Amino acid sequence: MLAGFLLNLPVLILLNKCTNIIPKGVMAKDFSTREENYSKWYNDIVQRAELAENSAVRGCMVIKPYGYAIWENMQSALDKMFKDTGHSNAYFPLFIPKSFFSKEADHVEGFAKECAIVTHYRLKNDPDGKGVIVDEDAKLEEELIIRPTSETIIWDTYRNWVQSYRDLPILVNQWANVVRWEMRTRMFLRTAEFLWQEGHTAHATKEEALQETYQMLDVYADFAENFMAIPVLKGIKSENERFAGALETFCIEALMQDGKALQAGTSHFLGQNFAKAFDVKFASKEGKLEYVWATSWGVSTRLVGALIMAHSDDHGLVLPPKLAPIQAVIVPIYKNKEQYDLVCSKARDIKANLEKQGIIVKFDDRDTHKPGWKFNEYEFKGVPVRIAIGPRDVENGTVEIARRDTLTKEVVGVDQVSETVSSLLVDIQQTLFQRALAFRKENTRTADSWEEFKALLDDKGGFIMAHWDGTAETEQKIKEETKATIRCIPLDDVKEAGKCIFTGKPSERRVVFARAY
RNA sequence: CGGGGUGUAGCGUAGCCCGGUUAGCGCGCCUGCUUUGGGAGCAGGAGGUCGCAAGUUCGAAUCUUGCCACCCCGACCA
């Protein structure tokens with residue numbers, strides 16, 4: 001008994017002081033858990049963390065300030081990476097003449113079924129009464145497609161930009177919105193209109209274009225892992241999943257907490273398809289006319305969905321510090337005006353010190369909400385670090401610091417706040433990545449038979465490494481029977497002889513299968 | 001576009017089958033007092049074209065028909 005008592009004592013003190021784990025029942029009231037209903041959990045986070053909401057327009061969402069701030073952080077990190085690799089931004093029209101689309105056969109076929117089309121340019125008052133109707137006299141001679149992607153308008157433009165090898169390469173990116181008329185939509189993951197960036201480059205040689213394709217894939221993987229804290233697999237898409245008009249599509253694939261895969265970015269080697277379709281030729285050093293080699297690459301607001309599904313928990317959103325709109329929040333605790341003034345003055349000092357370290361801090365001195373309410377609010381919104389300061393702290397020269405990723409709290413001296421928060425932010429970023437990496441490892445399995453493959457898909461989900469005979473027909477049949485697709489053929493794989501799980505035909509390597517978003 | 005479901009206050013809902021007071025409740029909102037170290041309490045208050053339109057009826061949130069919107073499941077997709 002005594003020994004037990006002695007042994008327990010230090011543990012209790014430790015719990016009290018440093019690893020005060022927040023009681024579970026107290027939080028996440030009337031909020032779905034991942035276990036109960038994963039898609040409801042996802043929607044609850046999007047709505048209650050104020051990332052986005054449904055709009056009056058079917059399939060389109062309103063991205064709210066907090067959600068947009070995450071996208072802006074993604075944009076600025078990516079934009080810098082694009083500029084660092086020699087790219088410049090430009091802007092091309094939202095509208096694309098219909099005829100442009102028919103110039104590249106695969107491209108039309110890929111996008112035709114989900115295009116929004118502008119047919120008229122004027123409205124008039126409804127003669128029968130209220131409202132306005134389309135003025136049939138104002139029909140466009142050539143209909144305009146609202147861009148689902150910009151290859152056609154861009155390559156039509158590049159024709160005029162390129163004459164000599166001296167004009168190459170063209171390394172352009174655009175930040176834009178695109179429209180794909182989807183049947184079923186989900187916040188961030190698939191909406192009729194979405195925001196993205198699309199890089200479109202033109203090169204003199206195949207090698208250089210391929211080099212660009214790989215380089216941008218690396219940029220995306222780097223961004224996913226170092227900013228989003230999401231480990232990704234780099235790979236090549238199978239023919240079925242290839243971009244319409246590309247010779248080769250490369251991608252980064254991430255694994256979400258429900259075991260489904262999500263394509264987080266793509267980089268396409270377009271060969272000379274678009275150059276031929278739009279007649280983009282250049283005179284080489286040798287004086288020969290040659291077609292230009294092309295790439296295109298993009299990531300979209302879908303990444304916000306990936307971020308949510310990769311890290312968040314049953315208490316709400318969890319954001320990696322590098323993309324969090326607010327990295328640390330300070331919540332004052334007080335009973336009366338005197339205490340409020342005292343605590344707030346300390347809090348403002350702390351805020352100023354943190355800002356000197358380049359930390360994005362919010363000091364929530366609103367008197368309209370109680371501390372407990374604020375704790376829950378910021379927890380729900382995924383703010384990485386919370387600092388609480390009350391009269392007791394002022395007296396002791398301390399503050400309470402809580403971290404969102406582990407939901408633990410510790411008390412530190414006021415003079416250590418900046419240092420502690422700085423290192424916490426680094427640590428949280430790391431922890432999130434390591435946690436996601438461990439999850440992916442646990443959920444990456446191999447299957448060597450059709451039965452095993454189906455059982456794994458239904459019981460566990462995740463990435464399944466399996467042999468495939470390399471044909472589109474087999475992939476299609478597997479998809480029809482199991483809803484799983486080949487996410488990618490990994491770039492860094494090891495060759496391994498085996499037999500296709502579906503047809504038994506010989507295979508040289510394993511590919512990654514999963515059910516996907 | 002097929003199959004299923006739901007539309008009642010900002011949100012979530014009861015009432016509908018079996019038509020009949022002033023459409024009820026919770027959250028949120030407003031005011032006041034007490035509170036403030038994990039979603040405060042009490043008291044008072046505001047807020048409704050019952051998705052839209054027609055029909056049946058003395059009378060419709062409730063019954064009928066049509067339309068619209070949204071959600072879920074398929075086909076399609078990043």
Side-chain angles (χ1 to χ4, degrees), chain A residues 20-31 37 39-40 43-44 47-48 53-59 109-115 148-149 178-198 220 237 240-244 249 251-254 261-268 296-306 315-316 331-337 339-340 343 365-380 386-396 398-400 402 407 409 411 479-480 483 485 487 516-517:
Chain A
N20 228 341
I21 294 166
I22 296 139
K24 275 208 173 131
V26 182
M27 322 197 12
K29 273 187 214 162
D30 61 306
F31 170 61
N37 186 340
S39 59
K40 188 165 189 300
N43 284 330
D44 281 354
Q47 279 174 31
R48 294 192 47 190
E53 63 188 37
N54 278 312
S55 72
V57 186
R58 179 200 189 92
E109 206 188 315
F111 287 104
K113 280 173 283 181
E114 49 187 31
C115 286
T149 180
V178 286
V179 168
R180 295 182 187 176
W181 214 261
E182 300 289 351
M183 297 288 173
R184 284 186 62 197
T185 58
R186 293 195 69 185
M187 292 279 197
F188 289 109
L189 299 175
R190 180 169 295 107
T191 47
E193 179 190 9
F194 57 95
L195 305 183
W196 78 346
Q197 62 62 219
E198 47 182 327
Y220 288 152
K237 283 294 187 192
N240 286 357
E241 301 278 320
R242 190 183 296 151
F243 175 74
T249 288
C251 64
I252 53 171
E253 290 285 329
L262 186 133
Q263 178 176 303
T266 50
S267 182
H268 313 292
S296 69
W297 29 272
V299 297
S300 72
T301 37
R302 171 175 249 213
L303 290 181
V304 178
H315 298 266
V331 177
I333 294 151
Y334 50 89
K335 282 191 175 32
N336 50 47
K337 182 78 170 76
Q339 287 188 354
Y340 178 79
V343 166
D365 62 351
R366 286 179 300 173
D367 192 33
T368 49
H369 295 283
K370 294 184 63 180
W373 188 91
K374 292 177 186 175
F375 289 178
N376 283 285
E377 172 81 355
Y378 294 109
E379 195 162 281
F380 212 90
R386 186 191 67 226
I387 300 160
I389 176 162
R392 226 152 58 206
D393 290 306
V394 175
E395 201 175 309
N396 299 337
T398 58
V399 298
E400 180 194 83
L407 294 169
K409 304 192 247 191
V411 172
K479 185 180 175 182
E480 279 160 19
K483 290 178 200 149
T485 48
R487 299 322 303 155
Y517 277 100

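Quick note on labels: first sequence line is chain A, next is B, and so on, each numbered from 1. What you see is a predicted model, and the numbers here were worked out from it, not measured in a lab.
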If the plane angle is over 60° it's perpendicular, under 30° parallel, otherwise tilted; pick one for A/His369 and A/Trp373. parallel
Below 4.0 angstrom from OP1 or OP2 of B/U36, is there any side-chain N or O of A/Lys374? no
side-chain N/O A/Lys370 vs B/G37 OP1/OP2, d < 4.0 Å: yes
Nearest to the side chain of [X], which nucleotide is it out of [options]?
{"X": "A/Asn54", "options": "B/C77, B/G37, B/C71", "result": "B/C71"}
{"X": "A/Pro371", "options": "B/A78, B/G37, B/C71", "result": "B/G37"}
{"X": "A/Ser300", "options": "B/G39, B/G37, B/A78", "result": "B/A78"}
{"X": "A/Arg180", "options": "B/A78, B/G38, B/G74", "result": "B/A78"}
{"X": "A/Tyr334", "options": "B/A78, B/G39, B/U36", "result": "B/U36"}
{"X": "A/Lys409", "options": "B/G38, B/C76, B/U36", "result": "B/G38"}
{"X": "A/Lys335", "options": "B/C77, B/U36, B/C71", "result": "B/U36"}

Partner of [N] by Watson-Crick or G-U wobble geometry, both contacts under 3.5 Å, or none?
{"N": "B/G74", "result": "B/C1"}
{"N": "B/U56", "result": "none"}
{"N": "B/C67", "result": "B/G51"}
{"N": "B/G26", "result": "B/C11"}
{"N": "B/C42", "result": "B/G32"}

Could you tell me if A/Arg48 sits above the aromatic ring of A/Phe380, with its cationic atom closer than 6.0 Å to the ring centre and no more than 45 degrees from the axis? yes
Would you mind classifying the nucleic acid contact of [X] as base, sugar-phosphate or nothing, using non-hydrogen atoms under 4.0 angstrom?
{"X": "A/Asn336", "answer": "nothing"}
{"X": "A/Lys483", "answer": "sugar-phosphate"}
{"X": "A/Phe243", "answer": "nothing"}
{"X": "A/Gln263", "answer": "sugar-phosphate"}
{"X": "A/Thr485", "answer": "nothing"}
{"X": "A/Leu262", "answer": "nothing"}

Between atom [atom1] in [X] and atom [atom2] in [N], what is the gap in whole Å?
{"X": "A/Glu109", "N": "B/C77", "atom1": "CD", "atom2": "C1'", "value": "14 Å"}
{"X": "A/Ile387", "N": "B/G38", "atom1": "CD1", "atom2": "P", "value": "18 Å"}
{"X": "A/Glu193", "N": "B/C77", "atom1": "CD", "atom2": "P", "value": "21 Å"}
{"X": "A/Arg366", "N": "B/A40", "atom1": "CZ", "atom2": "C1'", "value": "16 Å"}
{"X": "A/Phe188", "N": "B/C77", "atom1": "CZ", "atom2": "P", "value": "24 Å"}
{"X": "A/Lys113", "N": "B/C1", "atom1": "NZ", "atom2": "P", "value": "16 Å"}
{"X": "A/Ile333", "N": "B/G37", "atom1": "CD1", "atom2": "C1'", "value": "4 Å"}

Sticking with atom C1', work out how far B/U62 lies from B/A14, rounded to a whole angstrom.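 One C1' to the other, the span is 13 Å.
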[X] side, atom [atom1]; [Y] side, atom [atom2] - distance, nearest 0.5 Å:
{"X": "A/Gln339", "Y": "A/Arg392", "atom1": "CD", "atom2": "CZ", "result": "10.5 Å"}
{"X": "A/Phe188", "Y": "A/Leu195", "atom1": "CZ", "atom2": "CG", "result": "9.0 Å"}
{"X": "A/Thr266", "Y": "A/Arg242", "atom1": "OG1", "atom2": "CZ", "result": "13.5 Å"}
{"X": "A/Tyr340", "Y": "A/Asp365", "atom1": "OH", "atom2": "CG", "result": "4.0 Å"}

Applying side chain to side chain contact (heavy atoms under 4.5 Å, CB included), run through A/Arg302 and A/Arg186 and close with a yes or a no. CA-CA 10 Å; A/Arg302 171 175 249 213; A/Arg186 293 195 69 185; over 6 Å; no
